[in-house]
Structures are given as C-alpha cells and as structure tokens.
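Keep in mind it's a predicted model, so treat the numbers as computed, not measured.
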Amino acid sequence: MSFLYPHILWFLFLPALLAGLVLLARRKTGTGWRQLVSAEHAGELVARRPAWRSILPAALCILALASAVAGLARPINGFKEAGGLSTGRNLLIALDISRSMETEDVKPSRLEEARAAAFELIDALKADKIGLIVFSGDADLVVPLTYDHTALRDALEQVNRSWAGTGGTNFGLVLKRAMQDFKRSAPDGTNALVLLSDGEDTVGSSMDVAEEARKNNLLVITVGVGTAAGGPIPDPKGENGLWQDENGKHVISKLDADALRKFSEATGGDFAVLDSNTDLTAFTQKAVRKIDKHEENVSTNKVPNDLFPWFAWAALALLVAAIVIATEWRLPKRGGAAAVVLLLLLTPAAQAAPDAASVLSYTYGLSQVGKDNAAAKEAFSAALLDDDPQMQAAAFYQIGNAGSYATIDKLRQLYGEGEQAQGEQASTDPDEDEAAPSAQQGPKQPSIEELEKIVEELKQDIPPYESALKIDPKLDAATKNIEKIKQLIKDLEEEIERLKQQQQQQNQDQQQNQQNQDQQQQQDQQNQNQQDKQDKQQDQKQDKRQNQDQQNKDRQQDRQQQDSKQQQDQNQQQQQEQQQQQQQEKQDQDSRDKQQQQARQDEQDERRAQPMSEEEKAQQSAADVLRMHLDEEKGSPIPHAPSDTVRKPRKDY
C-alpha cells in the first residue's frame with residue numbers, strides 16, 4: 001500500500017495530540033468528586049461509570065480521526081489499466097501567445113483571458129477528444145488529441161509567452177499543424193479548430209490555407225480576445241515599459257474582428273468576441289454540433305486502485321460506535337436490541353467523498369476569493385470536475401461568490417471606496433457583505449455607461465448560483481445571494497434611470513440657458529443696432545451741421561472773393577480809365593504838338609515862301625534858340641532846327 005499524497009500524513013499528529021489532551025483532562029477531573037464525599041459513604045452516594053465507557057468512545061473518536069487523515073492521503077493498492085468505448089468529437093484548441101496577447105486592454109491580459117476561456121471550453125466538452133496548439137510566428141502541437149483532460153489542463157496552465165519561438169502571428173501555420181494532427185489521429189469525419197486570438201495576422205497567408213482546410217472538413221471557430229480600442233503592448237525592456245517598432249514609436253494593438261470573422265466564414269465556422277456578455281459554453285456547444293461524433297476504444301493512463309472508501313467507511317463506523325457507546329440508552333429491555341438495529345438501518349449510506357485534488361483546488365479557491373477572483377474562479381472550475389454533487393454545488397456557489405465580489409469591487413471603485421477597502425479582509429460570502437454601495441453613496445458619481453456595464457456583469461454572476469441550486473435546492477445561501485444581486489441590479493437600474501433623467505434635465509437646462517443666452521445676445525444686438533442707428537443719426541446730424549457751416553463758410557468766402565474780385569475789377573477799371581485818360585491826354589497833347597508843329601511848319605513854309613530880312617532872320621534865330629532851351633528844360637525829344645532857321649524876334653529888346 002502507498003499514498004498519492006503522503007504529505008497529508010503529517011496531520012496524524014492531531015490524533016496523537018488529542019489523545020494526550022484526553023488523558024490530561026481525565027487525570028484532572030477523575031478524582032475531583034472525592035473532596036466532596038467521604039470515603040465511608042462514597043459507594044452509597046456516587047454511582048461511577050465503568051472506565052471503559054469513558055475511555056473507549058474517546059479512543060474510537062481518535063481512531064476515526066486518524067482513519068480520516070489516512071484516507072485524505074489517498075491510500076492505493078497498485079494501478080490498473082482503464083479503457084473502454086468512448087463517443088465524442090475531435091477538437092483542437094489553438095492559443096495565440098504572440099507579443100500582442102500581452103496587451104492589457106482586457107484584464108489582467110489577453111493571454112490570461114484566452115487561457116480562462118480555454119479552461120471553460122475544456123469543462124464544457126468533457127466527453128470530447130481535445131488537443132492544444134500554441135502559436136505565434138510558428139505553431140507547435142503541445143498536447144495531441146486526448147481524453148485526458150487533466151493532463152491537458154496541466155499543460156494549459158504552464159503556457160506562457162516564453163514558449164513563442166518566432167515573433168508575429170501566422171494563422172496559416174496553425175491550420176497546417178491542425179490538419180496534420182487530424183490526418184494522423186482522426187482522418188475521417190469533420191473536425192474543429194477553436195482559435196483564441198486577437199486577430200492580428202502579421203503574415204497574411206491564412207485565407208489561402210482556409211480553402212484547403214474547408215476541403216479537408218476542418219471547421220474553424222474563431223474567438224476574438226481584446227477590444228476594438230486596443231492598448232499599448234507591454235515590454236519591460238522598452239521605453240516607459242512599452243513595445244516600440246523600428247521607428248521608435250509605441251505600438252497600439254487592436255482586436256481585428258473582421259479578419260477573424262472572414263477566417264471562420266471561409267471554413268464554414270462561427271465567430272464570437274470574448275467579453276462579459278459572451279456565453280462561451282453555449283456558443284461552443286452550438287458551434288461543435290456541426291462536428292461528426294466518433295466511437296473508439298480508448299486506453300487512458302494507469303488508474304490507481306483507490307483504498308479511500310475503506311478508510312472512509314472505517315472512520316464512519318468508528319465514529320458511530322463512539323456515539324453509541326457514549327450514549328446512556330434508556331430503552332425497554334425487550335426492544336433495546338431491535339432499536340439499535342433499526343438505528344443502524346436508518347443511518348444513511350455515506351456518499352463517496354470528494355477527490356482530494358478537488359478539495360485542494362476548492363480550498364485554494366477559497367483563499368483567493370476577494371484577493372485574486374480570476375484565480376479563485378479557475379480553482380473552483382477545477383473543483384467542478386469532481387463527481388461529488390455536493391462539491392459541484394459548492395464550487396458553483398463559490399464561482400458566483402468570486403464573480404460577484406469582483407463586480408462589487410468594481411462598483412466600490414466607481415464610487416470611490418476602493419482606497420478605503422484596501423487592507424481589509426475580504427469576506428468569502430456575499431451574504432456577509434452588507435456594505436455593498438448603494439446608488440446614492442460614495443463621494444464619486446459613476447457614469448451611466450459604467451453602471452450599465454456593472455449591471456450586465458451582475459447578471460452574469462447569477463447563473464453559477466442557479467446552477468448550484470439545481471444540484472442542491474436546499475442551498476439557501478445561493479438563493480439569498482441571488483435575491484441580493486437582483487435587488488442591487490434593481491437599485492442600480494433605478495440609479496441609471498435617475499441619472500438619465502438628470503442628464504436629460506441638464507440637457508434641457510443647458511438648452512434653455514443657451515436659448516436665454518441667444519435671446520440675450522439678440523436683445524443686446526438689437527440694442528447695439530439701435531444705439532448704432534442713433535449714433536449714426538447723431539453723426540449724420542452733426543455732419544449736416546458741419547456741412548451747413550462749411551457751406552456758410554464757403555458762401556462767405558465766395559462773397560469775400562466776389563467782393564475782392566469786384567474791388568479788383570473796379571481798381572483795374574479805374575486803372576484802365578486812368579490809362580485811357582492818360583492816353584487820351586497824350587493823344588490830345590500829341591495832337592496839339594502836331595498842330596503846333598504843323599503851324600510852325602506852315603509858318604516856316606510861309607516864311608520860306610517870303611524872303612526875310614536880316615533883322616527877321618536874327619529874331620527868328622533867337623526865337624529858335626529860346627524855344628530849344630525851353631524844350632530842353634521840358635525834356636522834349638523833338639530835335640531843334642538849325643540855327644540858321646531860327647526866326648528872329650519881331651522886336652529888338
């Protein structure tokens with residue numbers, strides 16, 4: 001005999017410790033009654049129980065605890081080969097591990113979101129034969145088609161970015177690798193490839209290979225991981241911790257939904273985007289209905305011969321025996337044996353205990369609730385593989401708790417309570433979370449879109465509780481949590497409606513204010529126009545007055561100019577008249593001079609005609625000299641006649 005989990009045997013110190021405590025307690029309490037009763041009357045007053053009635057139940061309980069610890073260590077008696085006829089479908093999961101899958105536009109990253117989706121697919125397709133391909137610039141078959149989903153989950157858990165040998169993303173190589181594996185393991189019928197990626201095919205050869213895949217009956221189901229807005233690609237060695245291209249620019253990776261949709265349609269498959277509203281299980285189950293089922297004889301790995309039930313039955317029997325022996329029975333003598341037999345017959349048969357691995361996963365999940373809810377959901381999903389209905393119900397219940405806690409934490413952060421909640425111990429049950437923020441609490445006011453997203457996430461948290469109730473209808477805690485979540489959804493929807501009305505009222509107020517402002521502006525404009533008109537009229541009046549003044553001034557200047565001109569004209573006329581008068585006087589003088597000259601000439605001619613005497617000639621000559629002197633005194637330009645022509649005076653005196 002050996003143990004699968006020998007480290008659990010260390011807990012055998014608990015039965016030994018319990019045995020020591022029982023002996024110590026018995027030694028302290030076994031003789032305390034002697035101080036109250038005298039030794040002479042001890043036999044009459046004190047009815048002591050037999051020692052075996054006290055020691056034997058404790059011993060049986062200690063043995064039951066030791067048997068339970070040994071059973072949890074999974075004792076086995078060798079191994080056996082397990083095989084049989086299996087009916088299922090052939091399915092390969094292709095997981096993108098390229099650098100862009102480290103983008104954190106979905107939390108915690110696209111790769112972690114795709115890994116969680118792959119776990120969900122494995123849980124939803126328990127009876128199918130599933131394999132695993134990881135790819136980036138090349139494609140590697142990590143796990144061939146197998147029914148051993150445990151080994152598949154272990155391999156999927158270890159997948160990381162360091163497995164990518166070549167950079168980039170090549171869908172064509174993924175199809176070729178899948179067709180090779182299907183041709184070797186399942187050549188007949190229709191097979192499926194579920195591709196989890198952000199859709200950024202850096203090679204661009206996928207559509208050429210898609211036609212070949214369609215001819216080989218390979219159905220491609222694509223699931224987009226990421227958002228259309230995208231985000232920067234992390235790189236611990238890059239500037240600011242971000243990846244840069246050859247030009248030194250930060251690269252923004254976005255979900256290429258169109259490429260994934262065309263890729264799946266080319267092979268007759270389906271396409272979905274992985275978000276909070278996507279029911280991946282229902283989508284995958286619907287999509288794989290197109291795949292042919294097949295039957296084959298399978299041989300799994302060696303299955304251990306488990307001895308756990310024997311130890312469990314032994315622990316239960318020892319515990320029942322301890323209870324029966326320690327109980328003071330007051331039964332009729334004749335019916336005592338029959339009552340004991342009836343009690344044993346009515347004791348319900350012990351159900352098979354949960355698998356130890358499921359218990360460990362469940363325990364680990366409990367430790368992560370409120371700390372890392374994604375890891376908690378993953379651990380509870382692993383516990384769902386157990387065949388024990390109670391374990392399944394508990395796992396579904398805790399999945400609901402992890403989801404609701406994650407959603408409530410987001411709601412707290414939206415209302416500004418995230419910092420206050422740091423450092424506080426998170427509860428493992430939403431029943432204890434009576435401080436879920438209401439729509440009116442918190443110093444911050446989330447937007448309508450954020451609250452609507454919280455409502456959708458809360459609606460997604462209800463199905464795990466409902467699944468738990470289907471298995472265990474008596475699970476009242478799940479019913480209470482559903483009621484609380486529905487009440488919270490109702491409160492949030494009322495808050496959303498209130499915010500919408502408030503936003504509508506604000507928009508109306510803004511429109512009214514805008515209208516008032518427009519009216520005020522129009523009124524101001526009218527007033528301004530009126531003032532401008534008045535100013536313009538005033539300016540026109542002033543201009544008119546200035547024009548009139550200028551005209552008056554111009555008229556005055558014109559009058560002055562006219563007067564001046566008239567004066568000038570008068571002066572000129574006077575000057576002309578004076579000149580004319582002077583000319584007339586000159587002409588008159590000239591005329592008189594001419595007449596005088598003519599008279600002298602006539603006189604001279606007359607004298608020449610008459611001979612003069614010597615005395616007359618001398619008088620004439622003296623008269624001429626005298627006239628010459630008179631002319632010179634007057635400045636006359638008339639030339640003087642020769643002396644011989646001067647007439648002599650008539651008288652000699």
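Salt bridge status for K484 with D491: absent, with no side-chain N to carboxylate O gap under 4.0 Å. Under 4.0 Å is where a charged nitrogen must lie from a carboxylate oxygen, and between R115 and E112 at least one such pair does. Between K410 and E457 a salt bridge is recorded (basic side-chain N to carboxylate O distance below 4.0 Å).
The number of heavy-atom neighbours closer than 6.0 Å to NZ of K126, taken from other residues, nucleotides and ligands shown, is above 12. Around CH2 of W163, the count of heavy atoms belonging to other residues, nucleotides or ligands within 6.0 Å exceeds 12.
Residues passing the side-chain hydrogen bond (donor to acceptor under 3.5 Å, both in side chains) test with N160, sequence neighbours excluded: S162.
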(request) Please step through side-chain hydrogen bond (donor to acceptor under 3.5 Å, both in side chains) for the pair S404 and D461, ending with a clear verdict. (result) CA-CA 6 Å; S404 60; D461 295 334; 5.4 Å; no
(message) salt bridge (charged side-chain N to carboxylate O under 4.0 Å, His left out) for D123 and R153? Distances and angles first, verdict last.
(response) CA-CA 10 Å; D123 295 338; R153 293 177 65 88; 2.9 Å; yes
(request) With side chain to side chain contact (heavy atoms under 4.5 Å, CB included) as the test, would you mind laying out the steps for V159 and L132 before giving the verdict? (result) CA-CA 10 Å; V159 172; L132 177 63; 4.2 Å; yes
(request) Output, in order, the C-alpha distance, side-chain angles, deciding distance and verdict of side chain to side chain contact (heavy atoms under 4.5 Å, CB included) for F311 and S67. (result) CA-CA 6 Å; F311 283 84; S67 180; 3.9 Å; yes
(request) Take E102 and R161 through the test salt bridge (charged side-chain N to carboxylate O under 4.0 Å, His left out) and record every step on the way to the result. (result) CA-CA 8 Å; E102 293 184 340; R161 260 283 301 147; 3.6 Å; yes
(message) One pair to check against side chain to side chain contact (heavy atoms under 4.5 Å, CB included): I489 and K459. What are the steps and the verdict?
(response) CA-CA 8 Å; I489 291 175; K459 291 180 180 179; 3.8 Å; yes
(request) Carefully, step by step, assess I462 and L458 under the rule side chain to side chain contact (heavy atoms under 4.5 Å, CB included). (result) CA-CA 7 Å; I462 294 178; L458 287 173; over 6 Å; no
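Heavy atoms only, all atoms of each residue included: L145 and L91 are closest at CD2-O, 3.3 Å. Across M101 and R110, no two heavy atoms sit closer than the pair O-CB, 3.2 Å. Summarising the geometry of D198 relative to S100, their closest heavy-atom pair is OD2-OG, 2.5 Å, with the distance given to 0.1 Å.
Aromatic pair F396/Y465: centroids not less than 6.0 angstrom apart.
At least one donor-acceptor pair under 3.5 Å links the side chain of D472 to the backbone N or O of K474.
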